[in-house]
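Quick notes on the structure that follows.
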Number of protein chains: 2
Amino acid sequence: MTLPAPKLPHYRRLYEMLRKQIIDGVFTEDDLLPSENELCAIHGLTRPTVRHALDALVNEGFIGKHQGKGSIVQKLPKGIGILSIAGTTSALGGKNLRSELLVKPYVKAWDDPFMFKLSETELNSGCIHMERIRYYNDKPIFYDINFIPNINVPRFTSRSFENNSLFDVLRNAYQVEIKGGEQKIRAIEASATISQHLAVKSGHPVLHLERKFDTNKPGFFIYSSIYCNTEEQAVYGIF
Amino acid sequence: MTLPAPKLPHYRRLYEMLRKQIIDGVFTEDDLLPSENELCAIHGLTRPTVRHALDALVNEGFIGKHQGKGSIVQKLPKGIGILSIAGTTSALGGKNLRSELLVKPYVKAWDDPFMFKLSETELNSGCIHMERIRYYNDKPIFYDINFIPNINVPRFTSRSFENNSLFDVLRNAYQVEIKGGEQKIRAIEASATISQHLAVKSGHPVLHLERKFDTNKPGFFIYSSIYCNTEEQAVYGIF
DNA sequence: ACATTAAACTTGTATATACAAGTAATTATG
DNA sequence: CATAATTACTTGTATATACAAGTTTAATGT
């Protein structure tokens, strides 16, 4: 995984700029973006190049194009793969949501057996293991165990993750983006350990998800095992 | 929801043709598609038009493009939103999987309250309600309740669904395609009704998913409530 | 003041052309 | 026969141009 090229293609620069403007709130839902012709004039680019950038924004769910009318900003796409609490709008950041690092990231060999089949490269690199508890209204609702292949993620173990999205860190510091993934879901009876972490009675039903995230880096996946207490709130996810 | 236009744009016709060839097995995983120049010659189109079709195939996960090498067919994208059993490769069709209609599709008013907020149009149209049980090795594992808005789906209630994917029927008969969606997941104790349908003891943990599927038709969503027995096999899904 | 028509805007589709950058195949050389 | 160089292929990026089709705005007529 190399550092990004210092020179991005024109269409990509425009795409990143517009994307950032939407995320930063410069354009918000239902706003019209500058027209294709305006963007050509502003950036000294041609329509096919501008359209290429806009197509990418459409594909990622940031805007919708309407012939004759313009490019309209949509509600910020909720991250595919991010779990939250039904009824809240973000995984973290709401006043009643907070996250606590239970086990700081450290490098270890993969658990054997592991929940998903691993490639040779992954097996040889070991993984970074970390555990977090997420609280809603001071009640533990998620017990989250992450396994990140120790491939090209220098100084990962020294980063701070409390109240930070793991995915944001990966995107901003390592240019790793989540593209989707697969998951195995079970309803299980809470074991002694799980009931301790999630503050439920032993034997109480809890949700268990084993997830494998695809990223924009070929061959680089992120793994996660999550236990959830859904007694009061359902777990919410986009797929 | 209108019928598709009799005349498709060139790029779209090429996209649909290549997509069908991949699905039908004319091209299989790891095959090289004809090059862009070859497709231009074969179809009397220009490279930007051909590339537009190929870009759509990339976006949907059918192919990957490799500079200098060619366009390579990928494993058929597993339907987003389709649930299956961990370890099997399709929702239905495997020898050990079969589906049984418990309640034939019929038109009714929406349950009130309903698991997701409904639009005015949806409320006024009523929904088509149907219930199925899915078996794995003759054991009931899914109890699936679907709610399809009664909007532009003529003669839906007279179709046969046993051993047919609801999504395939929607795509082939009504040009409705699933684009993703959202879900609320809970681990619950099986009620008397659920334990009867899924052949588990009352009070045993079962999975409950409430799902809202986005489609290619603006404003048209499909809803589903699924109870799953995950005692022996996890539920598997792509997101 | 309102309705109708025309003009001016928007995105959608498509062709044409050129050069950059990566990979595979062919040819030349030792 | 092996290796290196060259050629020929591939996709990637970008400009230029034109017309179609949908929507909004401005002008005109009553």
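Order of the sequence lines sets the chain letters (A, B, ...), proteins ahead of strands, with each chain counted from 1.
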Query raised in the report: In this structure, are over 12 heavy atoms from other groups packed under 6.0 Å from A:Glu120 atom CD?
Result: no

Query raised in the report: Do any of residues 31-47 of chain B sit with a heavy atom less than 4.0 Å from DNA chain D, and if so which?
Result: B:Ser35, B:Glu36, B:Asn37, B:Arg47

Report summary line: With sequence neighbours left out, the residues meeting salt bridge (Lys or Arg N to Asp or Glu O under 4.0 Å) with B:Arg19 are none

Report task. Tell me, please, which residues at least two apart from A:Lys108 pass side-chain hydrogen bond (donor to acceptor under 3.5 Å, both in side chains). Result -> A:Asp111

Distance-only criterion, 3.5 Å: show the donor-acceptor pairs between side-chain atoms of residues 44-64 of chain B and protein atoms not counting sequence neighbours.
residue	atom	partner	partner atom	Å
B:Thr46	OG1	B:Thr49	OG1	3.3
B:Arg47	NE	B:Glu36	OE1	3.0
B:Arg47	NH2	B:Glu36	OE1	2.8
B:Arg51	NH1	B:Glu36	OE1	3.2
B:Arg51	NH1	B:Glu36	OE2	2.8
B:Asp55	OD1	B:Lys65	NZ	3.2
B:Asn59	ND2	B:Asp55	O	3.3
B:Glu60	OE1	B:Tyr15	OH	3.1
B:Glu60	OE2	B:Tyr15	OH	3.2

Query raised in the report: Excluding sequence neighbours, so at least two apart, what forms salt bridge (Lys or Arg N to Asp or Glu O under 4.0 Å) with A:Glu38?
Result: none

**Report entry** Residue list, side-chain hydrogen bond (donor to acceptor under 3.5 Å, both in side chains) with B:Asp24, at least two apart or on another chain
**Finding:** B:Lys20

**Report entry** Contact interval (first through last nucleotide) of DNA chain D with protein chain B, 4.0 Å heavy-atom
**Finding:** D:dT10 to D:dT13

Anything under 3.5 Å between a protein N or O and an N or O of nucleotides 3-7 of chain C, put it in a table, one pair a line.
none

**Report entry** Set of side-chain hydrogen bond (donor to acceptor under 3.5 Å, both in side chains) partners for B:Tyr223, sequence neighbours left out
**Finding:** B:Glu122

Query raised in the report: Can the ring centroids of B:Phe221 and B:Phe116 be said to lie less than 6.0 angstrom from one another?
Result: no

Report summary line: Sorted by chain and number, sequence neighbours left out, ring pair (Phe, Tyr, Trp, His ring centres under 6.0 Å) with B:His129 holds for B:Tyr106, B:Phe147

Requested in this report: Go through the structure and list residues passing side-chain hydrogen bond (donor to acceptor under 3.5 Å, both in side chains) with B:Gln21, not counting sequence neighbours.
Outcome: none

Query raised in the report: Under 3.5 Å, is there a donor-acceptor pair between the side chain of B:Thr215 and the main chain of B:Phe220?
Result: yes

Requested in this report: Can you see which heavy atom on A:Glu29 is nearest to which on A:Lys75, and at what distance?
Outcome: CG-N, 3.6 Å

Query - Of residues 48-70 of chain A, the positions that come close to DNA chain D - non-hydrogen atoms, cut-off under 4.0 Å - result: A:Pro48, A:Thr49, A:Gln67, A:Gly68, A:Lys69

